[in-house]
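Presented below is the structure to which this report refers.
In what follows, chains are A, B, ... by sequence order, proteins preceding strands, each numbered from 1.
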Protein chains: 4
Amino acid sequence: MARPKSLDKRNAILDAAVEVFAERGLEASPTAEISKRAGVAEGTLFTYFKTKDDLVNGLYRDLKLELADAMMSGFPRKKSVKARIQHIWDCYVTWSAASPAQKRVLDLLKTSDRITEESREIGYAPFAEIETTAREGIENHILEDLPTEFVAATMSSLADATMMFMAMQPEKAAFYREKGFLLFWKGIAKG
Amino acid sequence: MARPKSLDKRNAILDAAVEVFAERGLEASPTAEISKRAGVAEGTLFTYFKTKDDLVNGLYRDLKLELADAMMSGFPRKKSVKARIQHIWDCYVTWSAASPAQKRVLDLLKTSDRITEESREIGYAPFAEIETTAREGIENHILEDLPTEFVAATMSSLADATMMFMAMQPEKAAFYREKGFLLFWKGIAKG
Amino acid sequence: MARPKSLDKRNAILDAAVEVFAERGLEASPTAEISKRAGVAEGTLFTYFKTKDDLVNGLYRDLKLELADAMMSGFPRKKSVKARIQHIWDCYVTWSAASPAQKRVLDLLKTSDRITEESREIGYAPFAEIETTAREGIENHILEDLPTEFVAATMSSLADATMMFMAMQPEKAAFYREKGFLLFWKGIAKG
Amino acid sequence: MARPKSLDKRNAILDAAVEVFAERGLEASPTAEISKRAGVAEGTLFTYFKTKDDLVNGLYRDLKLELADAMMSGFPRKKSVKARIQHIWDCYVTWSAASPAQKRVLDLLKTSDRITEESREIGYAPFAEIETTAREGIENHILEDLPTEFVAATMSSLADATMMFMAMQPEKAAFYREKGFLLFWKGIAKG
DNA sequence: TATGAATGAGGTTTCATTCAT
DNA sequence: GATGAATGAAACCTCATTCAT
């Protein structure tokens, strides 16, 4: 009862939402279009998500988890700070290239004021280890002495910019991935 | 001639649009709220802008021009590449801090698909000198050999991230402005 | 299944449309007034008819069918050409007198450019037998050798004129019905 | 002061109204489009006609007068009843063929409830002689003993039907004009 | 639980008319 | 008188959400 009956149906709705949001944007996407694309009735959507805001927040958390999975699985905890940071960078950039719709929707969601503070916190949790890594780098004088959140935000924004160029010129994707990381690393590394 | 279309009224509408868009987002902002806030009748908005799309595009161009004014006036054409880039950085970051609503709305507009390709081109024009500067830096082996658009995008995204922290911790604004620029410069400078 | 789309409700809307259109004309009739008069919510009208144009076309077909029913049921296929034509005449004129609102609205619809070519074709179909009768009369030299569509148009326009007088002077309705038919018949009959 | 300054301007507006009404119908024609087409300002229209209804009624009377001019000038008062009726028929049908836009607009106006009773009366006046002719025919036992208005209405409706076929098949215009009149004459002539 | 018809508030835009210039 | 900007009341239609089936 806490979880509604069919997990399949829930996922169908979320997948459909990604599709529709990617095509039309958040506000221009009627819930009716989403339920239709998911192959369920209009009303059914609301037994899985009480409101559209609920759906949007649920999707946000889901996508964040999916991204975390892509980034943090296989995280080389034993290797150097640089290796770990590069791992994160590569995973992020690879996931984004492989899941362009999800990436686009996540960007839309990030700037939406439908997303609650709570969702943002929950969405952030799995990425805590990034901060840990940054802190370690700073303490060991490998990285500049900057607030860890600032480093993280910096990485994310640089990765996004990089991503855009990879998407626009797929044949030079590897080039941008490398150069982008290099730029970032030079920026934050000490000395 | 009858009453001429008043520039004041146009500006009142655009100012009201900034206010309302900043508060509620693009799609959640009824034109009726904008005209009310501007102190004109609902219909009047449509004598100045044929449609809501038109208003949005007009506002985009206006804000871009305003930003260009802030950034490119007093541009130190005779000084070093680094000085020139820092000038741009500082101006951008200062304008954003001084005009948070405008900044927020410009961000909203950038990602809206109401903005036409034509508007984007027009909005970009005044910033062409940034690219020139980047190109000069690359040719003189001061900067890494990267596509100029990539450098520009990188700067913009880093500045945005920096901005966010300045806004969140105004008492450390100067700190972030400097550190952000340093990070960027180290990233793109050669050697 | 959820509530099925109710035929009753559809008819209530169409009936209300006849009422309102008859009173105020096509263009001066807001859909809101129609839904209100039908006892349904404003939005409900649009689950039965996607647009106002749709409603108008649906009504046109419905009225045409209703009229066809009145005219072609009991059509004396075995009797003389004159008897058959008189049957049509009488039925048309009787229906119009009995359903003045429907008649008025049908006239409004006929000249509206909201009606699609497709609707006109569908609306015409049940009356094909009139043409057949006319053709038979011509081939048998009972009627003047005129294009059948011309005969039909002629009948319709004469009947309309007749109708108007019947409506204006109901006590002489029978007189006009007869005289009108006589005029028509003398006009088209050979010799 | 009773008559506004420029008769030219009044006519320009009326001509433009015919154009626009013919293209878009009565209700779908904004006054702004009419004034634009007439080459005058939006407000100017309202110094010549207080309201849109006023314009519509003014146009109705004008067109009626124009039609009367075409039909009643050169009216062969000395010739036989048949010759006189044929004259009317031919003039009506010729005018309609020569002025299709005016004809169409007159039809639109006839069924519009913007037209006041007063306008209808005024519009009818110049055609009184038709009734006189009909009455004479009846009294002389040339025509069936029918109400004169009924004869007139009958003629008008038949002529309209005829007109439609002439417009649709211009190469057979003469054929329809003749056959239509014959049909009418046979219908109303005695014996 | 699943369905989809029903709801009605709210959005953008049009347009006849007024009125400052 | 002429102009056209200003007005604000509708109009049509959409859509998140509810609820009868």
Touch class at under 4.0 angstrom, heavy-atom based, for C/T51 against every strand present: sugar-phosphate
Residue B/K52, side-chain heavy atoms: nucleotide from F/dA16, E/dT13, E/dA16 that is nearest: E/dT13
SB check C/D113 D/R24 (cutoff 4.0 Å): no
Nucleotide opposite F/dA9 in a Watson-Crick or G-U pair, distances under 3.5 Å: E/dT14
Lys/Arg-Asp/Glu bridge criterion (N-O < 4.0 Å) met for C/D107, C/R104: no
For atom NZ of C/K5 and atom P of F/dC19, their distance in whole Å: 21 Å
Base paired to F/dG4 (Watson-Crick or G-U; both N/O distances under 3.5 angstrom): E/dC19
For atom CD1 of B/I13 and atom P of E/dT13, their distance in whole Å: 14 Å
Donor-acceptor pair, side chain of A/T47 and main chain of A/G43, under 3.5 angstrom: no
side-chain N/O D/Y48 vs F/dA2 OP1/OP2, d < 4.0 Å: yes
Options E/dG4, E/dA2, F/dA6, nucleotide nearest the side-chain atoms of C/R3: E/dG4
Salt bridge A/D54-A/R114, side-chain N to carboxylate O under 4.0 Å: no
5' priority, DNA chain F, between D/E42 and B/L45 [closest heavy atom]: D/E42
Rounded interatomic separation in angstrom, taking CZ from D/R114 and C1' from E/dC15: 11 Å
Nearest-nucleotide pick for A/F46, side chain only, options being F/dT17, E/dT12, E/dA16: F/dT17
Residues A/K103 and A/D160 bridged, charged N to O under 4.0 Å: yes
A/R10 bridged to A/D62 by N-O distance under 4.0 Å: yes
Gap between atoms CG and P, on C/D54 and F/dC12 respectively (whole Å): 14 Å
Sugar-phosphate, base or nothing in reach of D/S29, heavy atoms under 4.0 Å: sugar-phosphate
Nearest-nucleotide comparison on DNA chain F, the residue closer to the 5′ end among B/T47 and C/R24: B/T47
Atom-pair distance (CD on D/E27; P on F/dA11), nearest Å: 12 Å
Sugar-phosphate only, base, or nothing, as touched by D/K9 at under 4.0 Å among non-hydrogen atoms: sugar-phosphate
Length of the line joining A/K36:NZ and E/dA5:P, which is rounded to integer Å: 13 Å
Sugar-phosphate only, base, or nothing, as touched by C/F49 at under 4.0 Å among non-hydrogen atoms: nothing
B/R10 CZ - F/dA6 P separation (whole Å): 13 Å
Listed nucleotide nearest any side-chain atom of A/A41, set E/dG4, F/dC15, F/dT7: E/dG4
Most 5' of C/S6 and B/L26 on DNA chain E, judged by nearest nucleotide: C/S6
Contact nearer the 5' end of DNA chain E, comparing A/G39 with B/T31: A/G39
Spacing between D/K50 atom NZ and E/dT18 atom P, to the nearest angstrom: 10 Å
